[in-house]
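All remarks here apply to the structure that follows.
Chain A is the first sequence line, chain B the second, and so forth, proteins listed ahead of strands; every chain is numbered from 1. Keep in mind that the numbers below use all heavy atoms, side chains included, and drop hydrogens, waters and symmetry copies.
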Amino acid sequence: MAEDDTSVPSEYFQGTRNSTKRSRQPEDKLEMQTLKKRIEANMPLSIPLTEALRVGSDFFSYDSIELANRLLGCYLVRKFEDGTVVRGMIVETEAYPGTTDVASHTYNGKRTQRNEAMYMSQGTSYVYFTYGMYYCFNIVAKIPGSAVLIRAVHPTHGEERMVINRASKRKAALTRPFKSHELCSGPSKLCIAFDIDKLQFNEQNLIGNNFLWIEQGENIPLDQIVTSTRIGISGAGRESASKLLRFYVLSNPSVSVRDKAAELAKAK
DNA sequence: CCTATGATGTTCT
DNA sequence: GAACATCATAGGA
C-alpha cells in the first residue's frame with residue numbers, strides 16, 4: 001500500500017461539503033490537490049482512497065436547488081463490469097423541486113411507475129427514458145418528489161472508454177471524431193458515455209454503489225456559477241420555464257447550452 | 001459558431 | 001393517440 005493512502009483518514013473527506021459554508025479549510029484543499037494529482041496522473045486509486053473521496057448520505061440532504069449547486073465541481077464516477085473506470089466533473093445541473101413545479105415529473109404529487117424513484121431516499125438514482133431513444137440521469141434530493149438532473153459532465157478520466165461507448169450510437173464517429181467536450185455535453189450524451197440506463201441504475205442508491213457514485217471535487221466559487229432557465233421544458237408553460245433552476249460552470253467547454261445574457265449580467 | 005429537421009418508442013392519459 | 005427534462009446530421013455564416 002502506498003504511503004499516501006494511509007495518511008488520508010477515510011472520514012476526512014466525508015461531509016466536507018456538508019458544513020454550512022461551501023468553502024473548505026486550507027489543509028483540506030491541500031489534501032484534495034494530492035488526490036487530484038493522483039487522479040490526473042491516471043494512477044490506480046486504492047479502495048480506501050476511493051472510499052475516502054466518496055460522498056455519504058448527508059451530502060444529498062438538501063433541497064434540489066442547493067444540491068444542484070453543490071454537485072457542480074463534484075465527480076461522477078462509473079466503474080464497468082470489466083473494471084474500467086471513467087470519471088468526469090459535473091458542470092451543469094438542473095433542479096426539479098417537485099410537487100409545486102409544473103415541469104417536474106412529480107407535479108401535484110403525481111405518482112406513476114416511471115417516477116417512483118423520485119419518492120425514494122436522498123441519493124437515489126432516477127433514470128428515465130425519453131424521446132424514444134435516450135436516458136436522463138437524476139439524483140433524488142432531500143424533499144420527497146424532488147431531484148437534480150445531471151446535464152453535463154467534463155471528462156477527466158477514461159476518455160477512451162467514453163469514446164467507445166458514444167461511437168456505438170453515432171454512425172459518423174469515424175469521419176467526425178469526438179472532441180473531449182462533446183462526449184458528455186448533454187444529459188443523454190453523458191448517459192451513453194457512462195453507460196447509465198434504466199435497467200442498471202433506476203431506483204439504485206448511489207451511496208455504497210459499486211458501479212456508480214459521486215466523489216468530492218472542486219469547490220466552484222459562486223462567481224463562476226451561472227444561473228439560467230432549464231432546457232427542454234417549454235411544454236410546462238411560461239411560468240415554470242422562466243424559473244432560474246439551471247446551474248452551470250462558467251466557461252467550461254462541456255456545458256450543453258450557454259446563456260449569453262446570463263453570463264453578461266453576471267460579469268457586471 | 002449557429003439553426004432547422006427527422007429519428008424513435010416508452011410512458012401516460 | 002399525444003407528449004417527450006434529446007441528439008445527430010445537414011447546411012449556412
Side-chain angles (χ1 to χ4, degrees), chain A residues 64-65 67-68 71-72 76 90-119 124-141 145-153 162-163 165-203 227-248 251-261 263-264:
Chain A
S64 62
I65 296 174
L67 183 59
L71 278 165
L72 295 177
L76 179 65
I90 296 170
V91 295
E92 182 181 355
T93 57
E94 280 179 2
Y96 286 88
T99 56
T100 58
D101 169 45
V102 186
S104 290
H105 289 170
T106 54
Y107 177 57
N108 257 336
K110 188 169 81 169
R111 205 159 177 155
T112 64
Q113 197 166 20
R114 177 180 69 162
N115 71 13
E116 195 58 32
M118 289 188 75
Y119 294 98
T124 298
S125 169
Y126 170 42
V127 182
Y128 65 87
F129 190 75
T130 190
Y131 289 107
M133 50 189 130
Y134 298 115
Y135 294 103
C136 287
F137 166 59
N138 302 254
I139 302 174
V140 174
S146 72
V148 176
L149 171 69
I150 310 300
R151 275 199 64 90
V153 160
M162 294 183 192
V163 169
N165 289 348
R166 291 272 279 123
S168 67
K169 303 213 175 191
R170 183 199 248 192
K171 210 172 182 186
L174 290 175
T175 51
R176 292 196 310 130
F178 292 102
K179 293 172 182 171
S180 295
H181 70 271
E182 294 172 337
L183 289 169
C184 309
S185 56
S188 299
K189 292 178 188 174
L190 72 89
C191 282
I192 298 168
F194 280 64
D195 189 26
I196 296 171
D197 62 24
K198 187 174 168 165
L199 185 66
Q200 294 179 91
F201 292 112
N202 188 40
E203 300 183 1
T227 302
S228 180
T229 53
R230 292 172 293 180
I231 304 297
I233 57 159
S234 52
R238 251 193 88 114
E239 203 175 306
S240 178
S242 65
K243 290 180 179 175
L244 299 174
L245 294 177
R246 184 167 69 101
F247 310 96
Y248 67 85
S251 303
N252 186 285
S254 290
V255 170
S256 68
V257 181
R258 270 173 264 279
D259 185 337
K260 199 180 166 188
E263 291 182 10
L264 273 170

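A:Asn108 places its CG atom 11 Å from the P atom of B:dT13, with the value rounded to the nearest Å. One interatomic measurement links the two molecules: CG of A:Asn115 to C1' of C:dA5, which rounds to 13 Å at whole-angstrom precision.
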>> Counting primed atoms plus P, OP1 and OP2 as sugar-phosphate and everything else as base, spell out the protein contacts along nucleotides 2-11 of chain B at 4.0 Å heavy-atom distance: B, S or - for each nucleotide, 5' to 3'.
In response: -----BBBSS

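Of the candidates A:Val255, A:Ile231, A:Thr93, A:Ile231 is the only one forming a side chain to side chain contact (heavy atoms under 4.5 Å, CB included) with A:Arg151.
When each of A:Glu182 and A:Ala147 is assigned the nucleotide of DNA chain C with its nearest heavy atom, A:Ala147 is the one assigned upstream, toward the 5' end.
In this structure, the side chain of A:Asp101 engages the main chain of A:Ser104 through a donor-acceptor pair within 3.5 Å. Listed for the A:Ser228 side chain is no donor-acceptor partner under 3.5 Å among the backbone atoms of A:Asp259. Judged purely by atom type and a 3.5 angstrom limit, A:Glu263 has no side-chain atom pairing as donor or acceptor with the backbone of A:Arg258. Side-chain atoms of A:Asp195 never come within 3.5 Å of backbone atoms of A:Asn165 as a donor-acceptor pair (strictly under, hydrogens ignored).
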Could you list all N or O pairs between the protein and nucleotides 9-13 of chain C that sit under 3.5 Å apart?
{"from": "C:dT9", "atom 1": "OP1", "to": "A:Lys171", "atom 2": "N", "distance (Å)": "3.4"}
{"from": "C:dT9", "atom 1": "OP1", "to": "A:Ala172", "atom 2": "N", "distance (Å)": "3.0"}
{"from": "C:dT9", "atom 1": "OP2", "to": "A:Arg170", "atom 2": "NE", "distance (Å)": "3.4"}
{"from": "C:dT9", "atom 1": "OP2", "to": "A:Arg176", "atom 2": "NH2", "distance (Å)": "3.4"}

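Backbone-only engagement by A:Ile233 is indicated by non-hydrogen atom pairs under 4.0 Å involving sugar-phosphate atoms exclusively. When heavy atoms are screened at a 4.0 angstrom cut-off, A:Arg166 is found touching the sugar-phosphate backbone but no base atom. Within the nucleic acid shown, A:Lys169 has no heavy atom closer than 4.0 Å to any nucleic acid atom.
Relative to the side chain of A:Tyr128, the nucleotides C:dA5, B:dT13, C:dA8 differ in distance, and C:dA5 lies closest.
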>> Dot-bracket, 5' to 3', for DNA chain B please: Watson-Crick or G-U pairs under 3.5 Å, [ ] where pairs cross earlier ones, | where the partner sits on another strand, dots elsewhere.
In response: |||||||.||||.

